[in-house]
Amino acid sequence: MAADWDTVREIASALPGTEEFTSRDQPSFRVSGKLFVWMSPNREAKGALALRIEPDEKPLLIASKPKVYFEVPHYYGHPIVLVHLEAISRHELSERIEDAWALRAPRRLLAEHTGSA
């Protein structure tokens with residue numbers, strides 16, 4: 001089954017401290033005021049999910065799964081990868097969203113989520 005914004009919403013809203021809002025007329029999620037996953041407003045990436053990523057991981061993901069991950073010039077040089085929602089498994093999408101959240105969440109929320117002190 002293809003993922004869509006409802007799938008993203010279900011995964012992201014289960015993470016501590018998340019807030020759904022609209023950014024550039026697109027649905028988005030943030031944690032502690034920091035954007036971590038959103039539908040791309042860029043014309044070249046219409047219908048794609050954008051999410052935060054470790055900068056070193058971006059070229060590896062794009063090279064390993066070009067049918068799932070990609071980028072357009074608007075995102076060059078930014079720690080953001082685009083995702084074709086129809087091509088990603090729910091499990092992998094969940095991992096990517098949680099990783100993006102962890103990059104932006106404060107330590108207190110990370111500890112709460114992982115159960116570490």
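Nothing fancy with the numbering, it's 1 onward along the sequence. All of these numbers come straight from a predicted model, not from anything done at the bench.
Within the 4.5 Å cutoff, no side-chain heavy atoms of K46 are placed close to those of S40. At a threshold of 4.5 Å between non-hydrogen side-chain atoms, the residues I80 and W38 count as touching. Side-chain contact check for E71 versus V81: every heavy-atom pair is 4.5 Å or farther apart. Here the side chains of V37 and V8 are in contact, with some heavy-atom distance below 4.5 Å. Counting only heavy atoms from C-beta outward, the side chains of N42 and V72 approach each other to under 4.5 Å. Put simply, the side chain of S28 reaches to within 4.5 Å of the side chain of L35, judged on heavy atoms. With a 4.5 Å cut-off on side-chain heavy atoms, L93 and E98 do not count as touching.
Side chain of S89 to backbone of E92: a donor-acceptor contact under 3.5 angstrom is found. Checked by atom type and distance alone, the side chain of K58 pairs as donor or acceptor with a backbone atom of H78 at under 3.5 Å.
Note: L109 CG to T18 OG1 = 9.5 Å, rounded to the nearest 0.5 Å. Of the inter-residue distances, the one linking F21 atom CZ with F29 atom CZ reads 10.0 Å to the nearest 0.5 angstrom. Separating the OG atom in S32 from the CZ atom in R108 is a distance of 6.0 Å, to the nearest 0.5 Å. If you take CD on E54 and CG on L61, they are separated by 11.0 Å, rounding to the nearest 0.5 Å. From L15, atom CG reaches atom OG of S94 across 7.5 Å, with rounding to the nearest 0.5 Å. To the nearest 0.5 Å, atom CZ of residue R52 and atom CD1 of residue I97 are 15.0 Å apart.
Side-chain atoms of W5 and E20 form a donor-acceptor pair, as typed in the model, at a separation below 3.5 Å.
Stacking of R30 on the aromatic ring of F36 is not recorded, the 6.0 Å distance cut-off and the 45° axial limit not both being met.
Around atom CG of D6, more than 12 heavy atoms belonging to other residues, nucleotides or ligands sit under 6.0 Å away. Within a 6.0 Å radius of CD in Q26, more than 12 heavy atoms belonging to other residues, nucleotides or ligands are found. In this structure, K65 places its NZ atom where only 12 or fewer heavy-atom neighbours from other residues, nucleotides or ligands lie under 6.0 Å away.
Salt bridge R90/E95: absent, no basic N to carboxylate O contact under 4.0 Å. Taking 4.0 Å as the cut-off between side-chain N and carboxylate O, E57 and R96 count as a salt-bridged pair.
Residues I62 and L85 share a single hydrophobic cluster, defined by chaining ILVMFWY side chains whose heavy atoms lie under 4.5 Å apart.
Each of I53, L82, V83 was scored for a side-chain contact (heavy atoms from CB on, under 4.5 Å) with Y69, with one residue passing: V83.
The aromatic rings of F70 and H84 sit parallel to each other, their planes meeting at less than 30°, with 60° as the upper class boundary.
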